[in-house]
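Order of the sequence lines sets the chain letters (A, B, ...), proteins ahead of strands, with each chain counted from 1. Computed from a prediction, not measured in an experiment: that's the story for all the values here.
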Amino acid sequence: MATNSKDYDFRQIEAHWQSFWEKNQSFKAVADPTRPKYYILDMFPYPSGAGLHLGHCENYAITDIMARYQRARGRNVLYPIGWDAFGLPTENYAVKTGRHPADVTRENVATFRRQLKSFGVSYDFGREVDTTDPKYFRWTQWIWLQLFKRGLAYVEEKPVWWCPALGTVLANEEIIDGKSEVGKHPVERRPLRQWVLRITAYADRLLAGLPALDWPDSTKRMQAAWIGRSEGSEVEFDLEGHPGLRLKVFTTRVDTLFGATYMVVAPEHALVPQLTLPAQKPAVAAYIRTAAGKSDLERTDLAKGKSGVFTGAYAINPVNGARLPVWVADYVLASYGTGAIMAVPAHDERDFEFAQEYKLPVIQVIAPKDGQPVELPFCTKGTEVRLINSGDCTGLTPPKAKEQLDRRFEGEGRGRGAVQFKLRDWLFSRQRYWGEPFPIVWVSEEDYATAVRLGDGTLSTPDEAVSCVIDGVRRMALPLPESALPLRLPIVTNYQPTGTGESPLATITEWLEIWYQPASGSAVPASQPPPGADWILARRETNTMPQWAGSCWYYLRFTDPTNDTALASPEALGTWGMPDIYVGGAEHAVLHLLYARFWHMVLFDLGVVPAEEPFRRLFHQGIILGEDGEKMSKSRGNVANPDDFISSHGTDTLRLYLMFLGPLEAMKPWNPRGIEGVHRFLQKVWRECLDLEGGVNPKLADGAVDAPETLRLLHETIKKVSEDIEGLRYNTAISQMMILTNALQKAPQVSRGTMRTFLQLLAPFAPHIAEELWARLGGAASVMTAPWPVHDPARLAVTEFKLVVQVNGKHRGELLVPADITEAGAVALATANAKVAPFLAGKPVKRVVYVPRKILNLVVEVPTTGNL
RNA sequence: GCCCGGAUGGCGGAAUUGGCAGACGCAACGGACUCAAAAUCCGUCGCCCUCUAAAGGCGUGGGGGUUCGAGUCCCCCUCCGGGCACCA
């Protein structure tokens with residue numbers, strides 16, 4: 001079964017075992033109710049033309065080691081891989097070359113698959129999924145229909161980030177410092193019709209689920225901050241001269257209401273036109289125009305200072321009747337809260353800055369309990385401060401005052417306690433070709449009503465129809481019947497952006513303008529005669545879904561990748577469930593992980609998945625930097641290519657070295673010289689197993705026995721390697737294996753069993769050499785099928801230990817003492833010790849600190865002589 | 001500005017609950033083997049003082065503290081990395 005190479009010929013050996021695994025389908029995951037399952041997931045790779053880089057290798061080595069370990073532990077492991085293949089780079093490449101993105105994708109995937117196999121990763125390639133495969137995106141579209149049906153998808157004409165250079169709309173997260181993340185092009189605002197998902201409806205649950213997750217704390221904190229839950233109050237202010245009209249604000253400091261000296265509304269606030277006095281109209285209009293033209297970067301640039309303009313209107317403070325001038329200023333965001341605030345400059349830094357700029361009054365209403373004067377703005381709240389100058393609230397603590405005011409306003413129908421979130425709804429469309437088409441058509445109101453009536457509940461229509469105005473006509477979004485999925489992309493010959501903001505799909509008239517049969521979802525071009533009476537004129541949606549869509553649920557598909565009646569069967573979901581561990585970069589801490597949790601919760605509510613949270617345990621591997629300590633990038637020329645190392649040192653060496661570099665979660669620089677060290681380690685393992693002719697090393701002869709120290713070290717190593725794999729501390733597991741190897745090398749003889757046990761420990765990390773040596777030492781079948789060794793606690797027992805003796809906390813000597821020595825016995829030995837005694841001479845021992853098995857610290861009087 | 005994480009030999013790192021700082025590896029140096037080199041093996045390898053050694057002193061970014069004892073805990077500061085950034 002093994003090769004016959006005399007020396008460590010890793011090229012031959014690695015190829016041999018890779019084909020062995022392939023032939024034996026060693027990694028095929030088959031449901032098996034007799035064994036506990038273990039589902040290991042990598043973050044979904046985008047198959048770029050550049051191929052696998054070291055970051056991928058790090059990620060996949062981590063999970064592969066876990067997968068091989070869990071298999072050896074008897075778990076039924078599901079360890080799949082697939083391709084998040086929609087997306088901009090491929091489309092951009094197609095634009096440049098005129099080739100179909102699907103062809104480009106196929107080639108890139110083939111490269112990735114070949115590289116992964118040469119890396120020796122134990123994926124079940126039989127379960128590959130590809131987001132661009134209609135069999136897959138059929139279910140992406142299906143999930144979207146469920147969101148649509150539940151009223152979680154809607155259309156809005158909204159100003160979005162438009163990048164002229166890319167010819168596309170970008171999401172906020174794709175813009176870094178006011179430039180496109182891809183290519184660093186300038187961006188501008190442009191209103192376009194967009195699909196939006198109502199993720200805010202799940203804000204509370206997305207936040208509430210976080211604490212129970214076994215995720216890095218920093219990631220949980222980032223998600224919590226992104227969701228941004230904030231408790232406060234809503235208060236409605238009457239407006240002078242506008243009976244019946246009220247201005248509603250959200251504030252977290254309703255307790256400072258007596259200190260409000262003006263109001264601010266966002267430039268986009270709906271009441272601005274109504275409130276602005278004729279004399280102020282030109283100034284306000286000019287201000288709003290300027291604000292609209294500003295980029296988010298300019299608007300949020302804190303260094304620029306605050307600007308605003310007075311509308312001429314006054315609001316009335318409900319607690320004291322004070323007249324509060326209403327200003328328009330862009331430091332108040334239309335998209336948060338009610339888009340309007342009460343300004344309390346004494347107790348808010350932003351309001352204070354604005355009040356200084358425009359000479360508005362500042363009234364202090366919060367003071368320290370002890371009445372000490374403070375510098376304004378004074379933003380402290382809590383129970384150490386009291387209200388002043390606040391009418392009947394004077395003397396209360398802020399929490400008490402909030403309670404009292406909320407209750408009072410609720411009684412008056414003018415306010416209430418309220419919660420706001422920073423989280424915004426999710427902009428879920430792109431004006432691109434290479435994405436999932438939306439499974440809806442736009443139809444007239446009459447046709448919509450008829451279709452819904454005849455559909456009799458079979459269509460996934462929401463309670464409240466989604467509509468928009470296209471070319472001046474009101475159109476309704478009519479979902480395709482589920483039986484008509486997938487809705488495929490039409491073949492186009494030109495992938496260029498239209499430049500109007502619409503996707504290239506808008507130029508395919510034959511596909512776009514159709515006669516449509518609502519019951520079947522069938523379509524023919526509108527240029528032809530209608531096939532029947534129940535066919536209606538319709539227009540397709542030209543937006544496509546963003547890349548996030550396919551990656552929101554792929555982990556479910558892996559459990560049942562070829563199912564064509566459901567996204568996955570309940571049985572498959574029952575067998576494999578959710579990933580037991582999910583490994584990928586921290587750059588996805590917020591968006592991908594939040595979006596996927598959102599979809600998952602919706603699917604949970606639908607009864608499709610059995611758990612509310614998709615990813616119970618999450619791990620982020622650290623970034624591998626270039627040799628220069630900078631991020632690897634082509635422009636810096638510091639990119640290390642995994643293929644080079646695989647051909648020069650073998651994949652076992654590369655895997656082992658990547659894992660040995662340092663803690664898996666740490667950011668660490670790549671040092672190509674260090675790879676020699678682990679390569680030498682594997683060479684040494686080879687030599688300890690085999691002689692120069694490739695036969696079994698004579699020191700492993702039948703009847704060879706291990707020294708007791710060797711056995712103890714072996715069991716220590718079993719324990720440490722097992723625990724370190726579980727805890728993802730691979731670097732220390734590897735050093736422990738090196739320590740054992742060094743000891744085996746020095747031992748005159750080693751039992752065959754000990755060596756084989758060691759090879760089992762090595763196998764998850766360096767599987768090819770472990771298989772080879774295991775077979776050459778007479779191991780049965782494959783090393784992977786041997787059950788994982790278990791350490792024997794009795795072997796770890798020691799009869800003696802080294803006791804460190806300190807005097808006044810300083811290391812003064814060490815003694816080899818029996819394991820069961822008493823404190824008195826230890827003190828007696830220590831005081832008699834030649835190294836320790838001089839430090840005790842003539843000084844009585846004041847105190848003895850004895851930590852069994854560790855240290856003995858004798859505390860004596862320190863002579864307090866004046867001179868040193 | 002706010003919230004996190006980090007700083008240990010020439011280098012990557014170890015020390016998981018306060019108990020021998022520097023495991024393991026790289027680099028370097030000395031030796032063995034060799035005609036020679038590579039490979040391999042044996043050894044040295046934090047800094048200072050010292051002819052060498054013995055012995056000692058100092059030492060985990062800086063300063064202070066708690067403790068018999070601090071890389072580890074507390075307070076202050078510096079630098080590096082990540083995230084958020086007018087969210088009322």
With rounding to the closest Å, how many angstrom separate the [atom1] atoms on [N] and [M]?
N       : M       : atom1 : result
rC3(B)  : rG13(B) : P     : 28 Å
rG56(B) : rC11(B) : C1'   : 30 Å
rC76(B) : rC26(B) : C1'   : 38 Å
rC24(B) : rU17(B) : C1'   : 23 Å
rG83(B) : rU72(B) : C1'   : 26 Å
rG10(B) : rG5(B)  : P     : 28 Å
rG62(B) : rC2(B)  : C1'   : 25 Å
rC4(B)  : rU16(B) : P     : 24 Å

Quick one: label [X] by what it contacts on the DNA or RNA (base, sugar-phosphate, nothing), any heavy atom closer than 4.0 Å.
X         : result
Val332(A) : base
Arg847(A) : base
Arg424(A) : base
Asp348(A) : nothing
Lys422(A) : base
Asp724(A) : base

Contact summary for Pro764(A) and Ile65(A), nearest pair of heavy atoms: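 That would be O-CG1, 3.2 Å.
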Closest heavy-atom pair and its distance - Ile199(A), Asp425(A):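 So the minimum-distance heavy-atom pair works out to N-OD1, 3.3 Å.
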Syn/anti state for rG56(B) [syn: chi within 90° of 0]: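 Anti, angle beyond 90° from zero.
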Consecutive-pair stems (3 or more, Watson-Crick or G-U, under 3.5 Å) for RNA chain B: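 Looking at RNA chain B, the stems formed by three or more consecutive pairs are B:1-7 with B:78-84, B:10-12 with B:24-26, B:28-32 with B:40-44, B:46-48 with B:56-58, B:61-65 with B:73-77.
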Any N/O donor-acceptor pair, [X] side-chain to [N] base, under 3.5 Å:
X         : N       : value
Glu349(A) : rG1(B)  : no
Lys846(A) : rC68(B) : no
Lys306(A) : rC86(B) : yes

Cation over ring face, Lys306(A) and Tyr331(A), 6.0 Å, 45°: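 Yes - Lys306(A) lies over the ring of Tyr331(A), closer than 6.0 Å to its centre and within 45° of its axis.
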Evaluation steps, salt bridge (charged side-chain N to carboxylate O under 4.0 Å, His left out), between Glu688(A) and Lys746(A): CA-CA 10 Å; Glu688(A) 289 309 306; Lys746(A) 288 183 175 67; over 6 Å; no
More than 12 heavy atoms of other groups within 6.0 Å of Leu816(A) CG: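 Yes, the 6.0 Å shell around CG holds more than 12 heavy atoms from other groups.
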Enumerate the protein-to-nucleotides 38-41 of chain B contacts in which both atoms are nitrogen or oxygen and the separation is below 3.5 Å.
unit_1  : atom_1 : unit_2    : atom_2 : d
rU40(B) : O3'    : Arg687(A) : NH2    : 3.4
rC41(B) : OP1    : Gln745(A) : NE2    : 2.6

Polar pairs (N or O, both sides) under 3.5 Å between protein and nucleotides 6-13 of chain B?
unit_1  : atom_1 : unit_2    : atom_2 : d
rG12(B) : O2'    : Leu661(A) : O      : 2.6

Closest-nucleotide ordering on RNA chain B, the 5'-leading residue of Arg729(A) and Ser218(A):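 Mapping each residue to its closest nucleotide by heavy atoms, the 5'-most match is Ser218(A).
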Comparing Asp351(A) and Gln736(A) on RNA chain B - which has the more 5′ nearest nucleotide: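 Per heavy-atom nearest nucleotide, the more 5' residue is Gln736(A).
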